[in-house]
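Here is the structure we will look at, set down as structure tokens.
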Amino acid sequence: MQAGGQPGYIVLKPQLFVVHYDEIALKSGNRRQFEQLLMTNIQRKISEDVASFRRESGQLTLEITSATDAQEVEAILGSTPGVAYFSPAVKVSSSIEVMTSTAVELAAAIEFDTFKILTRRRNKTLPFRSLEVNQRLGAAVIEAKPERRARMTDPDVTIKVEIHKEHAYLSVRRVAGVGGLPTNPSQKVAVLLSGGLDSPVAAYMMMKRGCTAILVHFQNQNQMTQSVEDKVVQLAKQLSRYQRRTRLVVVPFDALQQEIIKHVRSELRMLVYRRVMLRLAGVVAKRNRARFLVTGDCLSQVASQTYENLDATYQDAPLHVFSPLIGLDKKEITAISRMIGTYDISSLPYEDCCSFFVPKHPELRADVDTLRECEAAIDLKGLGEAAITAAQTHEWK
Ligand code: ATP
Ligand code: MG
């Protein structure tokens, strides 16, 4: 976009994004660290070097060079936890003439009937008031196309003008981000990722609260092995958009599953699988310096997740277990999975190790001592170590 010889005009390229956060703004002592983390997380995802990236009055301004794909940057900003919303913007000098011509030019590039100009002066020494800027720019936008109308409530387009001492940002679009807090590489959790709908959402919820999720999948060898692995890899890849680096650890579970089938009656098997998975995930977690385990459990959703069964499942877990979906309805979980792009992948057909041998009447109120007795017959240590040793790791940047 070129303004064509306006005095004092700063070239409209490279493109710029004004990035807003909300929860970070509530931090007092450590706000700077959160801002820095957010900037680093964004910057690491962009394949090219950025022209500049800085803090400016409670927001961040990211300038990219012409070598960078603006669409790619939009996708990154839209999926980085900590970003509340952002606006692709142009930067011009803060002269009223330049801002007016830029507003007209931006308006010419889009279709709308009703609009408003929303001005914020970040520098109060400027020789004009916000209201005057609104009126002057608004009049010019209407003059360029008289059928346009100004409307203060619910207009088709809001032309936002943010004026700093020597420069101003103008934008016509506001894009919602993920919200939450930036993911911290030293705040790790190990998420038990099945191929289902819930656990990818649980991983996302933890990322949104500033955690880095190490994904752990327990794999049963069967005729569907390849499709399950593909599915879990696809899920992990999709989740990798929300954090800086993603590690998926695929642990073979076949030998342990055979043992469990041999020694545990069918009504209790699912609970023993889950208890064993938590123990092995704890080993992976500790190796990766993750201090918590995370599951996609949701209270009373299925037989294995009744109040009593969850209690029996979580006892003996080597680390504290977080279950961020515990109070959500299936409908709410589904809506999040659609939003984060895991729904279609989770819906692909597959058989994971838990969906085999599901009994007609599973135990609804398991007693932990009974589960412990069943487990005593299994060589958990030997088979567990072998499974961890044979685990495969995948990584995404
Ligand atoms: P999901 O939709 O995530 O599979 P679910 O409602 O089907 O969850 P279960 O299959 O009982 O419930 O599993 C409950 C939780 O146990 C999952 O959310 C996940 O955290 C963990 N889990 C189950 N199977 C596996 C697996 N094969 N590998 C890793 N974690 C698993
Ligand atoms: Mg499942």
Side-chain angles (χ1 to χ4, degrees), residues 189-206 213-222 224-225 227-236 238-239 247-257 260 268-285 290 292-306 309-310 312-314 317 319 321-326 328-334 336-338 340 342-359 362-364 366 384 387-388 391-392 394:
V189 292
V191 181
L192 284 88
L193 184 75
S194 69
L197 186 77
D198 304 323
S199 45
V201 175
Y204 164 78
M205 300 284 268
M206 295 310 299
I214 309 286
L215 308 170
V216 189
H217 176 68
F218 295 94
Q219 191 183 41
N220 177 45
Q221 308 289 321
N222 59 62
M224 299 286 284
T225 299
S227 69
V228 179
E229 172 144 7
D230 288 350
K231 184 175 180 177
V232 171
V233 166
Q234 276 189 59
L235 283 171
Q238 180 64 16
L239 288 168
R247 176 172 291 179
L248 165 68
V249 182
V250 180
V251 182
F253 201 65
D254 198 43
L256 275 160
Q257 188 174 357
I260 294 170
L268 297 177
R269 272 179 207 152
M270 177 74 88
L271 300 176
V272 175
Y273 293 152
R274 306 267 330 272
R275 282 168 51 85
V276 172
M277 283 183 194
L278 284 172
R279 264 171 272 176
L280 296 189
V283 177
V284 177
F292 293 94
L293 297 173
V294 176
T295 74
D297 290 326
C298 171
L299 191 59
S300 304
Q301 189 195 70
V302 287
S304 60
Q305 294 166 24
T306 61
N309 282 350
L310 283 183
T313 303
Y314 296 163
L319 292 171
V321 182
F322 283 151
S323 303
L325 311 185
I326 203 75
L328 297 186
D329 299 347
K330 199 77 195 178
K331 233 168 117 180
E332 293 167 313
I333 299 169
T334 305
I336 301 171
S337 78
R338 285 187 195 280
I340 64 172
T342 55
Y343 181 83
D344 289 340
I345 310 170
S346 292
S347 306
L348 296 169
Y350 85 116
E351 296 287 343
D352 85 349
C353 51
C354 285
S355 44
F356 279 108
F357 314 110
V358 176
E363 177 61 62
L364 295 177
I388 296 286
Q392 299 274 336
H394 306 250

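No hydrogens, no waters, no symmetry mates; every other heavy atom, side chains included, goes into these values. Whatever order the structure lists ligands and atoms in, that order sets their numbers, starting from 1.
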Rounding to 0.5 Å, atoms NE2 (His217) and OG (Ser194) come to a distance of 7.5 Å
Proximal ligand 1 atoms for [X], defined as those under 4.0 Å from one of its heavy atoms:
X: Thr295; result: 20 (O)
X: Ser304; result: 11 (O)
X: Asp297; result: 14 (C), 15 (C)
X: Gln301; result: 6 (O)

Gln305: heavy atom below 4.0 Å from ligand 1, yes or no?
yes
Out of curiosity, is Val216 lining ligand 1, as in a heavy atom under 4.0 Å away?
yes
Apply side chain to side chain donor-acceptor pair (under 3.5 Å) to Thr313 and list each qualifying residue two or more places apart in sequence or on a separate chain.
none
Give the intermediate values and the outcome of side chain to side chain contact (heavy atoms under 4.5 Å, CB included) for residues Phe218 and Val216.
CA-CA 7 Å; Phe218 295 94; Val216 189; 3.9 Å; yes
Is the Tyr273 ring parallel, tilted or perpendicular to the Phe253 ring (thresholds 30°, 60°)?
perpendicular
Sub-3.5 Å donor-acceptor pair from the side chain of Asp297 to the main-chain atoms of Gln305, do we have one?
no
Hey, is ligand 1 close enough to [X] that some N/O pair sits below 3.5 Å?
X: Met270; answer: no
X: Leu197; answer: yes
X: Phe218; answer: yes
X: Leu192; answer: yes
X: Asp198; answer: yes

Within reach of ligand 1, part of Asn220 (heavy-atom separation under 4.0 Å)
neither
Using a cut-off of 6.0 Å, state whether more than 12 heavy atoms not belonging to Tyr314 lie near its atom OH.
yes
Is it true that, when you exclude Gln392 itself, more than 12 heavy atoms of the residues, nucleotides or ligands shown sit nearer than 6.0 Å to its CD?
no
Can you find a side-chain donor-acceptor pair between Ser337 and Thr342 that sits under 3.5 Å?
no
